[in-house]
2 protein chains.
Amino acid sequence: MDDLQRAIEKRKSTDPEFAENFDKGYEEFKIGVLLKEARKSAGFTPEALAEKLNTKKSAISRIENHADDIRLSTLYNYAEALGKKIKVTIQ
Amino acid sequence: MDDLQRAIEKRKSTDPEFAENFDKGYEEFKIGVLLKEARKSAGFTPEALAEKLNTKKSAISRIENHADDIRLSTLYNYAEALGKKIKVTIQ
DNA sequence: CGCCTTGTTCACTTATTTGTTAACATTCGC
DNA sequence: GCGAATGTTAACAAATAAGTGAACAAGGCG
């Protein structure tokens, strides 16, 4: 079971509403997990990334766990600090 | 010249900083244009879409022209009202 | 041109996110 | 288990986006 699967199961067990709606297509949630995985694979702790972004690790944690209510520009900054790019498409 | 090209040229002519940075890869700007094109192809005027989103046409205009500093959830709502889905990836 | 629709911008208020600190939880190595 | 590093959550102030109304600009169409 990979990180994404684990995170989903964990959230399902602690958030009944999420569990109920997951199969209906709540995609937003996954973004935070993608961000977190990108950060880890780039070898950053939340604190290290926070420093690069001139903020604090608590803010990083908030981004990764509530990625549906963040600003697009915040998303861009986060990705840029990892040397990655955010791609937004509409389909 | 399509809408995207036209919009880029217009902004280049009125926003020197944008013009200077465009070729460096400022992708964010394009999102607003994508949204606007999606709205048009779905046959919505700003006012009609605004009504669906319980807001006003001025808000729609703001979203389409300043799409880099909007909330992700706003983006989702906008797309959902058009029967489309926003996809965010990191690469 | 003159009129109507569409679209943009501004100013103001309200709602929400972000920065920050501190407390708490979790994970990992010893 | 214990301690240290990593990660999460809550609360508050400060910054910023969204809601709104009105004035203005641009685009068709008669």
OP1 or OP2 of D:dG19 under 4.0 Å from side-chain N/O of B:K56: no
Considering only heavy side-chain atoms of B:R62, the closest of D:dT20, D:dT8, C:dT20 is D:dT20
Between D:dT16 (P) and A:L72 (CG): distance, integer Å: 16 Å
From NZ of A:K36 across to P of C:dT27 the rounded distance in Å is 10 Å
If I take atom NZ from residue B:K40 and atom CG from residue B:L82, how far apart are they, to the nearest 0.5 angstrom? 13.0 Å
Using atom CD of B:E64 as one end and atom P of D:dA17 as the other, report the distance to the nearest whole Å. 17 Å
Starting at atom CG of B:L75, determine the distance to atom C1' of D:dA18, rounded to an integer number of angstrom. 14 Å
If I take atom CG in residue A:L53 and atom C1' in nucleotide C:dT20, what distance separates them, rounded to the nearest angstrom? 15 Å
How do A:T74 and B:I60 order along DNA chain C: which one's closest nucleotide is nearer the 5' end? B:I60
Between C:dT20, C:dT8, D:dG19, which one does the side chain of B:T55 approach most closely? D:dG19
Nearest-Å distance for atom pair CG/C1', residues A:N65 and D:dT6: 13 Å
If you define the side chain from C-beta out and look only at heavy atoms, does anything of B:L72 sit under 4.5 Å from B:Y76? yes
Touch check for B:S58, heavy atoms < 4.0 angstrom, all strands: base, sugar-phosphate only, or nothing? base
Rounded to the nearest 0.5 Å, how far does OG1 of A:T74 lie from CG of B:D69? 10.0 Å
Identify each atom pair where a protein N or O and an N or O of nucleotides 2-6 of chain C are less than 3.5 Å apart, giving names and distance.
none

d(B:K36 NZ, B:L49 CG) to nearest 0.5 Å is 12.5 Å
Could you tell me whether the side chain of A:R39 and the main chain of A:F44 form a donor-acceptor pair under 3.5 Å? yes
Separation of D:dT20 atom P from B:E51 atom CD, nearest Å, is 12 Å
Interatomic distance, CD1@A:I90 vs CG@B:L34, rounded to 0.5 Å, equals 7.5 Å
Taking the side chain of A:R71 as heavy atoms from C-beta outward, which of C:dT20, C:dT18, D:dA18 is closest to it? C:dT18
So A:I70, base contact, sugar-phosphate only, or nothing? Heavy-atom distance under 4.0 Å. sugar-phosphate
Value in whole Å for how far the P atom of C:dT18 lies from CD1 of A:I63: 6 Å
As a test of reading the structure: which of D:dA18, C:dT8, D:dA17 is closest to the side chain of B:D69, going by heavy atoms? D:dA17
According to side-chain hydrogen bond (donor to acceptor under 3.5 Å, both in side chains), does anything in residues 47-57 of chain B pair up with another residue at least two apart or in another chain? List the pairs. none
